[in-house]
Amino acid sequence: MSSLFGTMSVALQAMLAQQSALEVVANNVANVNTPGYSREVAVMEESPPILSGNTLVGTGVTMSSVQSVRDNILNLRIDQETSQQSSLNSYVDSMNQVQALFNETQGTGLQTYLSNFFNSFQSLATNPTNSSLRQSVITAGQDLAGAFSQTSNNLATIQQGLDQSVVQTVQQVNQLTAQVANLNQQIQEVSNSGDNPGSLEDQRDQDLTNLSNLIDTAVVYSNNGTVSVTTTNGALLVSGNQSDALTTQVNSSTGMHDVFAQGTDITSSIAGGELQGYISARDDSIPSTQSSLDNLAAGLISAVNTQQNAGYDLNGSSGADFFTPFTPSTPGSNAGAAASMTVALTNPDQIAASSDGAPGDNGNATALANLQNQSLVSGQTAGDYYSNLIDQVGNDVSNATSEQTAVGLVLQQLTNQQGSVSGVSLDEEATNLVMYQQAYEAAARVISTVDELNGATLDMFTPS
Amino acid sequence: MRVNPDVYSVILSGLQTNTQQEDQALQEIATGQKLNSLSDDPAAVASLVVQRMQSSSDTQYLQNITSLTGSLNVADSAISSVVEALTTAQSVGVEGADSTLNASNRHALAQQIQGIQQEIMGLANTSYNGEYLFSGTATTTQPYVADSSSASGVTYNGNDSTNSVEISEGQAMPINLPGSQLFSNATTNVFQSLQDLSNALNTNGDISGATTEVQNALNYVSAQQTFYGNSVARLNNAQTFLTQEQTQLTETQSNTLDANMATAVTNLSQAQTTQQALVEAGAQVSQVNLFDYLPTT
């Protein structure tokens with residue numbers, strides 16, 4: 001049997017429910033500019049009806065929960081693309097440093113030194129006994145060797161810097177995975193107690209996005225509200241409230257840090273995030289550029305020395321090595337040839353311009369100059385080989401830049417889509433505000449009406 | 001359908017893309033180059049490197065040609081003087097063959113021939129930039145020295161070799177004639193003929209025979225002299241060719257590298273217009289929302 005007091009309690013519950021809903025609106029409005037915030041909605045539920053006599057009478061409303069509006073699949077797609085974009089960003093940033101070393105658009109790259117070197121022999125051929133022309137050859141050789149070793153050392157410095165970045169990024173990955181594991185635990189606890197873990201989930205989403213900035217991730221949502229995170233190749237990062245830290249260890253053959261997950265080397269299988277960009281520049285592009293540079297240097301050193309040995313210097317002696325001969329540390333490898341390139345000759349008279357011993361003969365100077373048009377490295381002239389090197393470095397960067405633009409567009413669309421699902425709309429919140437406010441006022445009016453009715457009832461017994 | 005309430009993110013990314021275009025256009029205008037890093041057009045920069053190697057070589061060939069033209073001209077004019085001197089010697093020989101001359105007349109003429117021989121030896125020892133022009137490749141050795149023990153009165157100390165210099169890619173040109181080839185062959189010898197004439201005059205020997213010998217030597221040296229004229233002509237041809245090639249290479253490089261200012265400026269102003277439109281759109285859009293219309297009490 002229903003009572004006036006029952007009605008009052010229904011109205012009171014309604015007021016409380018509308019008040020809670022207003023809190024949700026307030027929270028949404030407050031977080032309108034918070035990155036990673038997903039809008040929340042108040043979930044209203046009819047209270048279970050009671051039997052009054054023979055009829056079921058409703059007992060009002062409760063706000064059963066607050067739900068964050070999010071699309072987990074969309075979030076995963078965003079994380080994947082973010083991972084790609086970060087990888088490309090860090091790669092392009094690294095390789096921009098590399099391509100700046102080969103500054104051919106400004107005409108200040110190795111080409112000038114190569115040309116000057118060969119031209120100095122060509123010039124010497126016109127006047128082979130001239131001491132200032134001889135000195136010019138030595139100087140051009142020293143400039144060339146200096147340019148090679150400086151470029152090679154700069155490449156090595158960039159590579160070292162990237163190695164440091166790899167180590168630091170791994171530390172950041174470990175911090176984030178630890179946080180995600182921690183949030184997993186909190187979310188599970190909050191869910192178990194029946195509350196909305198929305199803000200914790202937002203925080204975890206933000207961490208997962210940051211994580212996908214650093215490394216490629218595959219995220220699996222469990223029913224208990226936790227997520228497990230692996231790399232796309234299956235290396236475990238987070239499972240429940242446990243995170244597995246990645247470790248780094250110096251590889252003795254490359255001198256660079258390899259990345260390990262639970263004892264397995266995953267360096268080459270990392271497929272996204274800043275880590276991939278750094279590793280790809282550090283382990284592929286730079287070594288390949290460095291090795292081309294070494295091959296070119298070794299080819300030049302050996303060809304120039306051989307030709308120099310075939311001739312005679314100003315004193316009629318057989319030509320001594322022009323460049324310090326390169327001795328490979330591992331047979332068959334030219335590693336280090338560019339970095340260690342130096343001119344061995346100290347006296348300009350030692351240049352073997354003559355092919356027959358007569359001091360005025362220029363046959364060997366011409367032959368040395370003609371090395372410019374001969375195949376020195378991999379069946380190519382020095383100029384062609386260098387031009388291919390330039391092409392390779394430029395293509396590495398320009399391909400990555402084009403991809404960067406494409407991924408950027410996809411990401412922008414996805415983010416927009418995410419905004420349409422989870423973004424806070426002030427118009428919507430204003431509408432809700434009015435709606436809940438009016439419901440609250442109405443419930444209050446019900447209470448005051450019931451109060452009047454109660455008064456009327458009481459007045460029945462009070463003589464006026 | 002619910003739309004993304006955050007319109008500013010769209011405007012912001014539009015602005016960023018636009019700023020990139022603006023940057024690119026500005027950089028082109030500032031540097032005057034449309035290529036400013038390898039990745040702007042890798043293939044173009046790679047071919048630029050090859051072209052620069054080529055044009056740098058051409059510059060060197062042109063320098064070689066200038067310096068060779070100098071030495072060839074000096075050699076040529078030395079040989080001209082030798083031919084002139086031999087012509088004088090020949091007419092002296094003709095004069096000496098006159099049977100009315102007495103011994104002292106002939107001695108005087110012989111003296112003159114000796115003088116001519118000295119002069120020719122001096123010319124044969126001409127040097128340019130510190131290198132003897134007629135000593136083969138022994139350019140630091142004086143080619144001819146007077147030698148009374150030699151039948152010709154001189155000794156040749158040079159060698160029989162020649163130098164070649166490249167005047168364009170793969171095209172080498174001999175740049176000298178050794179004295180041994182220039183002044184003598186199996187049947188003729190400039191110095192020997194003068195020595196013979198001088199002896200014949202002194203001893204009243206076969207003066208006209210010796211004069212014929214001088215005539216032969218004169219013809220021989222004149223024939224050799226064409227080498228220098230031909231060489232200078234070859235250098236001129238090569239110079240014309242190289243200059244043309246360089247002009248072409250410069251033009252190609254400039255097409256590859258140089259910014260088209262008109263395009264760059266148009267791009268810049270387009271980017272600026274777009275930017276202005278975006279900024280204005282950003283200012284206009286969503287200036288109000290429903291909250292503005294809620295009653296205030």
Side-chain angles (χ1 to χ4, degrees), chain A residues 96 99-100 102 104-105 107 109 111-112 114-116 118-119 122-123 125-130 354 356 358-363 366 369-370 372-373 383-384 386-388 390-398 401 412 415-421 423-431 433-434, chain B residues 1-6 9-10 13 17 31 33 35-43 45-50 52-57 59-61 63-64 67-68 71 129-132 135-141 159 161 163-166 169-170 172 175 257 286 289-294:
Chain A
N96 269 336
Q99 73 167 348
F102 301 94
E104 295 300 344
T105 58
Q111 176 267 326
T112 317
L114 276 171
S115 285
N116 288 349
F118 290 121
N119 286 345
Q122 201 69 263
S123 189
T126 64
N127 200 344
T129 56
N130 185 301
S354 167
D356 60 6
D361 183 85
N362 72 353
T366 304
N370 279 340
Q372 175 170 7
N373 303 315
D384 287 347
Y386 178 61
S387 143
N388 281 346
I390 290 297
D391 194 35
Q392 185 61 53
V393 173
N395 267 321
D396 283 348
V397 182
S398 84
T401 314
Q412 196 192 325
T415 315
N416 205 22
Q417 216 176 324
Q418 187 193 35
S420 72
V421 174
V424 174
S425 155
L426 287 177
D427 292 332
E428 192 177 37
E429 299 308 324
T431 313
L433 183 70
V434 173
Chain B
M1 195 196 101
R2 200 170 192 276
V3 294
N4 185 3
D6 181 12
S9 70
V10 178
S13 76
T17 314
T31 59
Q33 294 186 178
L35 304 181
N36 288 296
S37 59
L38 303 188
S39 56
D40 286 344
D41 188 344
V45 184
S47 71
L48 191 70
V49 166
V50 175
R52 283 213 175 113
M53 295 283 288
Q54 173 81 44
S55 84
S56 174
S57 295
T59 309
Q60 182 58 47
Y61 290 134
Q63 271 175 25
N64 282 5
S67 109
L68 290 177
S71 82
N129 271 349
E131 299 202 318
Y132 290 104
S135 60
T137 59
T139 53
T140 48
T141 310
N159 62 26
S161 310
N163 271 336
S164 290
V165 164
E166 298 225 334
E169 194 179 323
I175 52 162
L257 196 60
S286 287
N289 62 51
L290 210 46
F291 277 103
D292 297 327
Y293 295 93
L294 291 187

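- Across all non-hydrogen atoms, the minimal contact from B/N163 to A/G360 is ND2-O, 2.6 Å.
- Interatomic distance, A/L433 CG to B/L290 CG, rounded to the nearest 0.5 Å: 9.5 Å.
- No part of B/Y132 comes within reach of chain A, as not one of its non-hydrogen atoms sits under 4.5 angstrom from that chain.
- When all heavy atoms of A/Q111 and B/V49 are compared, the closest pair comes out as CG-O, 3.7 Å.
- Here B/L38 is the residue among B/L38, B/T31, B/T141 with the most heavy-atom pairs under 4.5 Å with chain A.
- Between the side chains of B/E166 and A/T366, not a single donor N or O lies within less than 3.5 Å of an accepting N or O.
- For the set B/A138, B/S47, B/S13, the entry with the most heavy-atom pairs within less than 4.5 Å of chain A is B/S13.
- No other option in B/L35, B/T140, B/N36, B/D292 has as many heavy-atom pairs under 4.5 Å with chain A as B/N36.
- A donor-acceptor contact closer than 3.5 angstrom links the side chains of A/N119 and B/S56.
- Distance alone, capped at 3.5 Å, places no donor-acceptor pair between the B/N4 side chain and the A/Q418 backbone.
- Looking at B/R52, its side chain never comes within 3.5 Å of a backbone N or O of A/S115 through a donor-acceptor pair.
- Between atom CE of residue B/M53 and atom CZ of residue A/F118 there is a gap of 6.0 Å, rounded to the nearest 0.5 Å.
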### Message
Let's go through B/D40 and A/T105 carefully: what are the C-alpha distance in whole Å and the side-chain angles of both, what is the deciding distance for side-chain contact (heavy atoms from CB on, under 4.5 Å) to 0.1 Å, and is it a yes or a no?
### Response
CA-CA 10 Å; B/D40 286 344; A/T105 58; 5.9 Å; no
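- Checked by atom type and distance alone, the side chain of B/S39 never pairs as donor or acceptor with a backbone atom of A/S398 at under 3.5 Å.
- For the set B/A172, B/S37, B/P42, B/A43, the entry with the most heavy-atom pairs within less than 4.5 Å of chain A is B/P42.
- Looking at every heavy atom in both residues, B/T137 comes nearest to A/A358 through OG1-CB, 3.3 Å.
- Here the CG atom belonging to A/D361 is positioned 8.0 Å from the CG atom belonging to B/N159, to the nearest 0.5 angstrom.
- Taking chain A as the reference chain and counting heavy-atom pairs below 4.5 Å, the highest number among B/S164, B/G130, B/S9 is found for B/S164.
- Heavy-atom distances place both the backbone and the side chain of B/N129 under 4.5 Å from chain A.
- Of the inter-residue distances, the one linking A/S425 atom OG with B/R2 atom CZ reads 6.0 Å to the nearest 0.5 angstrom.
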### Query
side chain to side chain donor-acceptor pair (under 3.5 Å) between A/Q122 and B/S57: does it pass, once the steps are laid out?
CA-CA 9 Å; A/Q122 201 69 263; B/S57 295; over 6 Å; no
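- Most heavy-atom pairs under 4.5 Å with chain A, from the set B/L257, B/V50, B/V165, B/N64: that is B/N64.
- In this structure, B/E131 contributes its side chain and A/T129 its backbone to a donor-acceptor pair below 3.5 Å.
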